[in-house]
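These numbers come from the heavy atoms of this one structure, side chains and all, not from hydrogens, waters or symmetry mates. Remember, it's 1-based here, ligands and their atoms both numbered in the order they're listed. Note that the structure is predicted; figures quoted are calculated from it, not measured. Throughout, numbering of the chain's residues begins at 1 and tracks the sequence.
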Amino acid sequence: MSKKFYITTPIYYPSASPHLGHAYCTTMCDIIARGKRLRGFETYFVTGLDEHGEKIQENAAAKGVTPQAFVDEIAVRFTDLWNTMCISNDDFIRTTQPRHYETVKKIFSEFVKNDDVYLGSYKGWYCVHEESYWTETQVGEEHLCPECGRPVVEKEEPSYFFRCGKYVDVLMNHYDTHPGFITPEGRKAEMVNNFIKPGLNDLCVTRTTFDWGVPVNEAPGHVIYVWLDALTNYITALGYNQEDDSRFQKFWNDPEAEIVHVIGADITRFHTIYWPMFLKALNLRQPNKVFVHGLMMMKDGKMSKSKGNVIPVPPLVDRFGVDAVRYYMAREIVFGQDGQFTPEQFVERLNADLANSLGNLLNRSVSMIIKYFGGVIPEYKGELNDLDKNLKEVAEKTVKSYEVLNDELKVTEAYASVMELVGAANKYIEESAPWALAKDQAKADVLASCMSHLANAIFLAGSLLSPILVTKSEKIFDQLGVPAEMRNYDAAAKFGSLGGQTVNKGDQLFPRLDVETEVQFIKDLMLAPKEKAAA
Ligand code: MSP
């Protein structure tokens with residue numbers, strides 16, 4: 001039976017248009033999901049929108065539309081972006097959908113029934129932007145939100161509270177017995193030292209001052225806190241507590257299923273403290289991993305419209321192709337660390353890796369197979385020389401490290417190792433010097449071996465890169481003449497399976513970019529509209 005893998009992105013607030021930062025997180029999850037599918041895992045990949053809460057209600061009011069109309073309009077921008085980025089999500093959950101909305105009510109009733117929540121009254125400092133209450137100490141004398149720096153407001157309201165105290169020990173025990181539950185490891189200490197050790201207050205889980213949310217059956221006037229509502233999407237999307245819960249049984253309830261939540265650092269507290277407690281209260285298993293990725297920053301800090309440093313994704317994809325944008329994200333920004341987007345590094349990365357290294361390798365190899373063997377990849381079964389042996393070894397090692405690194409979610413490192421194989425193949429051409437072998441009849445076998453090794457190395461690299469290069473990997477296979485039944489992981493990973501096929505000379509898959517022109521193109525995209533008008 002194939003292994004089950006469930007991966008989720010945060011469900012985003014549809015409070016404004018999505019930008020490169022949202023695209024980054026979802027694309028990385030897509031690359032992971034596709035990588036697992038490629039290797040035969042039964043994979044389920046969910047993304048979606050977190051559509052309730054005071055912030056959405058306020059934004060909608062400011063535009064003079066209903067909250068539902070407001071989120072409906074922005075939802076289309078998200079789904080358009082996912083189409084542009086070739087995201088292969090299996091579901092797109094929206095918290096206003098009845099399947100989710102009704103289940104959240106049931107979950108809350110379960111909490112009431114089991115005395116996991118109680119009615120009290122809440123007084124504290126509230127940040128509408130972060131949808132979060134903070135203590136006096138956290139907001140300091142200036143009364144600013146410690147997360148986003150915006151002013152907070154003092155609020156008092158009757159509220160239900162979730163009994164965190166009941167689950168703190170269980171949570172700490174889970175951390176201790178499951179290293180890697182929070183990855184990178186450093187985030188765990190942050191949670192323990194900043195939030196758990198100072199003493200965790202019970203969490204306020206209903207609101208009465210606005211109504212854009214899921215109502216509490218037991219208490220009219222209360223709506224369920226947007227974070228409790230949002231976090232449960234990870235199980236409602238699978239059908240938890242719904243008529244057909246087969247997917248939930250398969251991807252969550254099965255202890256063998258691997259569950260990974262990928263999130264940004266800004267929402268670690270909710271995912272690694274409260275979510276595990278909610279799950280425990282529902283008597284459900286924990287995810288295997290909450291993976292905290294870094295932020296994609298600009299030279300002048302976080303991307304923001306007011307700074308005019310937001311890169312719109314569609315024109316970037318139009319210009320460079322979806323594969324190139326995906327490749328940049330996976331390869332240039334180390335997954336798990338913050339990274340900085342600069343137009344120069346973007347263009348240089350594409351030139352170095354895709355045009356010079358991969359594109360060139362394919363071009364040269366296909367041309368040589370045409371020139372020396374009439375376009376047919378030699379079926380070579382003879383003896384290998386040292387150079388052949390070395391390339392074969394690199395290829396075999398690459399398959400192993402690719403699998404291990406991907407399973408550890410070291411995505412950047414996994415694809416760096418594939419590019420090392422591409423580099424080794426280019427070096428192999430230089431060292432084997434096929435042009436010299438072709439001049440010597442006695443070396444015909446060595447030449448055949450060389451072409452066979454090259455074709456197989458490219459086949460393998462193209463296959464391993466296919467989770468990123470969602471359109472170009474097929475073109476690589478077309479140029480190599482790989483038949484449909486061989487376009488799979490097993491055939492590619494079994495180094496040497498290609499031989500006897502006819503190659504096709506095609507277009508340059510990754511033409512070299514003119515650095516100056518393309519850097520300027522990206523800089524123009526970054527100009528805020530008002531600066532553009534002034535320029
Ligand atoms: N709605 C909540 C999440 C609920 S999940 C149960 C939320 N939404 S959000 O729209 O603010 O999205 C937050 C996530 O978007 C971050 O955690 C991060 O994954 C992603 N990113 C937003 N800006 C980003 C960058 N500049 N760079 C990388 N990722 C970014 O919080």
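Nearest protein neighbour of atom 22 (C) of ligand 1, counting heavy atoms only, is H22 CD2, 4.0 Å. In terms of protein heavy atoms, atom 26 (N) of ligand 1 is closest to M296 O, 3.2 Å. Protein heavy atom in closest approach to atom 31 (O) of ligand 1: I267 CG2, 3.5 Å. Annotation: atom 2 (C) of ligand 1 to nearest protein heavy atom, I11 O, 3.4 Å. Nearest protein heavy-atom neighbour of atom 23 (N) of ligand 1: H19 CE1, 3.5 Å. With respect to atom 13 (C) of ligand 1, the closest heavy atom belonging to the protein is D266 OD2, 4.0 Å. Atom 15 (O) of ligand 1 has Y12 CE2, 3.3 Å as its closest protein atom, hydrogens excluded (heavy atom only). At the shortest separation from atom 19 (O) of ligand 1 among protein heavy atoms lies H293 NE2, 2.7 Å.
Near Y234, the atoms of ligand 1 lying under 4.0 angstrom from a non-hydrogen atom of the residue are 5 (S), 6 (C). The contact set between ligand 1 and D50, taken as ligand atoms under 4.0 Å from a residue heavy atom, comprises 1 (N), 2 (C), 4 (C). Listed by number with element, the atoms of ligand 1 under 4.0 Å from a non-hydrogen atom of C25 are 19 (O). Ligand-side atoms of ligand 1 in range of A230: 6 (C), range being under 4.0 angstrom from any heavy atom. Taking every non-hydrogen atom of G264 and a distance limit under 4.0 Å, the qualifying atoms of ligand 1 come out as 16 (C), 17 (O), 18 (C), 19 (O). Ligand 1 places these atoms under 4.0 Å from at least one heavy atom of G294: 28 (C).
Looking only at side-chain heavy atoms (C-beta outward), Y101 and D229 stay at 4.5 Å or farther from each other. Using a 4.5 Å cut-off on side-chain heavy atoms (C-beta onward), E518 and N351 make no contact.
The minimum heavy-atom distance between Q345 and Q340, with the atom names listed, is OE1-O, 3.7 Å.
Relative to the six-membered ring of Y167, K280 misses at least one condition, a distance below 6.0 Å or an angle of at most 45° to the axis.
Close N/O approach between Y24 and ligand 1 is not found [any backbone or side-chain N/O within under 3.5 Å]. Looking at ligand 1, you'll find an N or O of Y13 within less than 3.5 Å of one of its N or O atoms.
By the 30° and 60° cut-offs, the orientation of the rings of W82 relative to Y12 is tilted.
Under the 6.0 Å cut-off for aromatic ring centres, F108 and H222 do not qualify, their centroids lying 6.0 Å or more apart. For Y234 and Y6, the ring centers sit 6.0 Å or farther from each other.
At least one heavy atom of W227 lies less than 4.0 angstrom from ligand 1.
Between K3 and D407, no side-chain nitrogen of the basic residue sits less than 4.0 Å from a carboxylate oxygen of the acidic one, so the salt-bridge criterion is not met. Checked for salt-bridge contact, D244 and R99 miss the test: no charged N lies under 4.0 Å from a carboxylate O. Classification of D90 and R37 as a salt-bridged pair holds, one side-chain N sitting under 4.0 Å from a carboxylate O. A salt bridge is absent between E136 and K123; no separation between the charged side-chain nitrogens and carboxylate oxygens falls under 4.0 Å.
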